[in-house]
Protein chains: 2
Amino acid sequence: MSQDMMRGHLDGLVLAVLTGGPAHGYGLIDALRDRSGGVFDLPEGSVYPALHRLERAGLVASGWSEAAGRRRRVYSLTAAGRRAADQRRSEWRSFSAAVERVFGAGAAGAASPDAGPAVAS
Amino acid sequence: MSQDMMRGHLDGLVLAVLTGGPAHGYGLIDALRDRSGGVFDLPEGSVYPALHRLERAGLVASGWSEAAGRRRRVYSLTAAGRRAADQRRSEWRSFSAAVERVFGAGAAGAASPDAGPAVAS
DNA sequence: TCCCTAAGCCTAGGCTTTCTAGGTATGAGC
DNA sequence: GCTCATACCTAGAAAGCCTAGGCTTAGGGA
């Protein structure tokens, strides 16, 4: 898997996880790994900056909590964040459907030898 | 649509179009716009560098042709390019399925108020 | 006691890729 | 002659993710 397929999708994925409830950074990495079936194993250097970016944008809010002697910064969605999560999901569906059409059309073209070139003059 | 959702996917899409037959740069832009239902309307400054990158990588080969007095550089897949196209498509499927799981899980979690936080301590 | 690992947080810098914004040239239509 | 569409190209900026570190506390093993 090409690593920067994530580009432009990470924020949406983080928002999607937070839709299920508050989380802290480290746990968010675990959640993304689990829910993606091991496909997304993101380094902390990707996730923490993303969370800070989302907080600056007003889409998530954070607070400190203490658990087992360890400090944790817990992030949760704001109202704007919930709206953004919905929008990101629908943008993803549109993007994904478009990619699927391109891949599908390419394969179909290749399957019919008499169809001529993909792009007419 | 966030424009750099394309990151890391453009090469695969270009290869997919070329799977259907040779194409030149300008026509490739049209093909991507048509097949994606208008979602992908890429500027030339994205496509030409991508084609040159793919050519340097040995995945496409190019040759000049003349049509209606206009010179065209026509790109076609090499054998390695065909293999790469297959691989990109399967990487896309894996990526797409993973994203879908994350979005799906997030929505499911939000639907059950008693489920507790998304990420257990 | 000392060391290593895991859980947690963070940042600086680099790399890659895409877009913006330009440039060139030909042919067709007005 | 002018403009528009076709067709190619490039330099530089912008953005986002990853690499590679650094910090702390807790717990287990030797």
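Note on naming: letters A, B, ... go to the chains in the order of the sequence lines (proteins, then strands), and numbering restarts at 1 for each one.
- Heavy atoms of A:Gly45 sit under 4.0 angstrom from at least one base atom.
- Remark: C1' of C:dT18 and CG of B:Leu32 are 14 Å apart, rounded to the nearest angstrom.
- Residue B:Tyr75 contributes atom OH, which lies 11 Å from atom C1' of D:dA7 at whole-angstrom precision.
- Proximity note for B:Pro49 (side chain, C-beta onward) versus C:dA6, C:dC9, D:dT10: the nearest is D:dT10.
- If you take CZ of B:Arg72 and C1' of D:dT6, they are 8 Å apart, rounded to a whole angstrom.
- Using a 3.5 Å distance cut-off with no hydrogens or angles, the side chains of A:Arg73 and A:Ser62 do pair a donor with an acceptor.
- Atom CG in A:Leu28 sits about 13 Å away from atom P in D:dC17, given to the nearest Å.
- For an aromatic pair to be called close, the ring centres must be under 6.0 Å apart, and A:Tyr26 with A:Tyr48 fails this.
- When the nucleotides D:dC8, C:dT20, D:dT10 are ranked by their closest atom to the side chain of B:His52, D:dT10 comes out on top.
- Within the nucleic acid shown, A:Arg73 comes within 4.0 Å of sugar-phosphate atoms alone, with no base atom in reach, counting heavy atoms only.
- Atom-to-atom, CG of B:Leu51 to C1' of D:dC9 comes out at 12 Å; the value is rounded to the nearest Å.
- We find that CG of A:Asp30 is positioned 8 Å from P of C:dG8, with the value rounded to whole Å.
- Taking only side-chain nitrogens and oxygens, A:Arg53 comes nearer than 4.0 Å to OP1 or OP2 of D:dC17.
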Give the intermediate values and the outcome of salt bridge (Lys or Arg N to Asp or Glu O under 4.0 Å) for residues B:Asp30 and B:Arg33.
CA-CA 5 Å; B:Asp30 286 342; B:Arg33 185 175 39 241; 2.3 Å; yes

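- Between B:Tyr48 and D:dC9 there is no side-chain polar atom (N or O) within less than 4.0 angstrom of OP1 or OP2.
- Both key distances under 3.5 Å define a Watson-Crick or G-U pair, and stretches of 3 or more such consecutive pairs in DNA chain D run C:1-30 with D:1-30.
- Rounding to whole angstrom units, CE of residue B:Met6 and C1' of D:dG16 are separated by 16 Å.
- Of all nucleotides listed (D:dC17, C:dC9, D:dT6), D:dC17 comes nearest to the side chain of A:Arg7.
- Checked against C:dC10, C:dA7, C:dG27, the side chain of A:Trp64 finds its nearest nucleotide in C:dC10.
- Using a 4.0 Å cut-off between charged side-chain N and carboxylate O, A:Asp86 and A:Arg89 make a salt bridge.
- The line from CG of A:Leu51 to NE2 of A:His24 is 11.0 Å long, rounded to the nearest 0.5 Å.
- In this structure, A:Phe103 and B:Gly12 approach most closely via the heavy-atom pair CE2-O, 3.6 Å.
- When distances are taken from the side chain of A:His24 to each of D:dT6, C:dC9, D:dG16, the shortest belongs to C:dC9.
- Side-chain proximity of A:Arg71 to D:dC17, C:dC9, C:dT18: nearest is C:dC9.
- Among the nucleotides D:dC17, C:dC9, D:dT6, the one closest to the side chain of B:Tyr26 is D:dT6.
- Regarding B:Leu54, its CG atom lies at a distance of 9 Å from the P atom of C:dT18, rounded to whole Å.
- The aromatic rings of B:His52 and B:Tyr75 are tilted relative to each other, their planes meeting at an angle between 30° and 60°.
- The phosphate of D:dA5 (OP1 or OP2) has no side-chain N or O of B:Arg70 nearer than 4.0 angstrom.
- Using the six-membered ring where Trp is involved, B:His9 and B:Phe95 have ring planes that are tilted, between 30° and 60° apart.
- Here D:dT19 is the nucleotide among D:dC8, D:dT19, D:dG16 with the atom lying nearest to any side-chain atom of A:Pro43.
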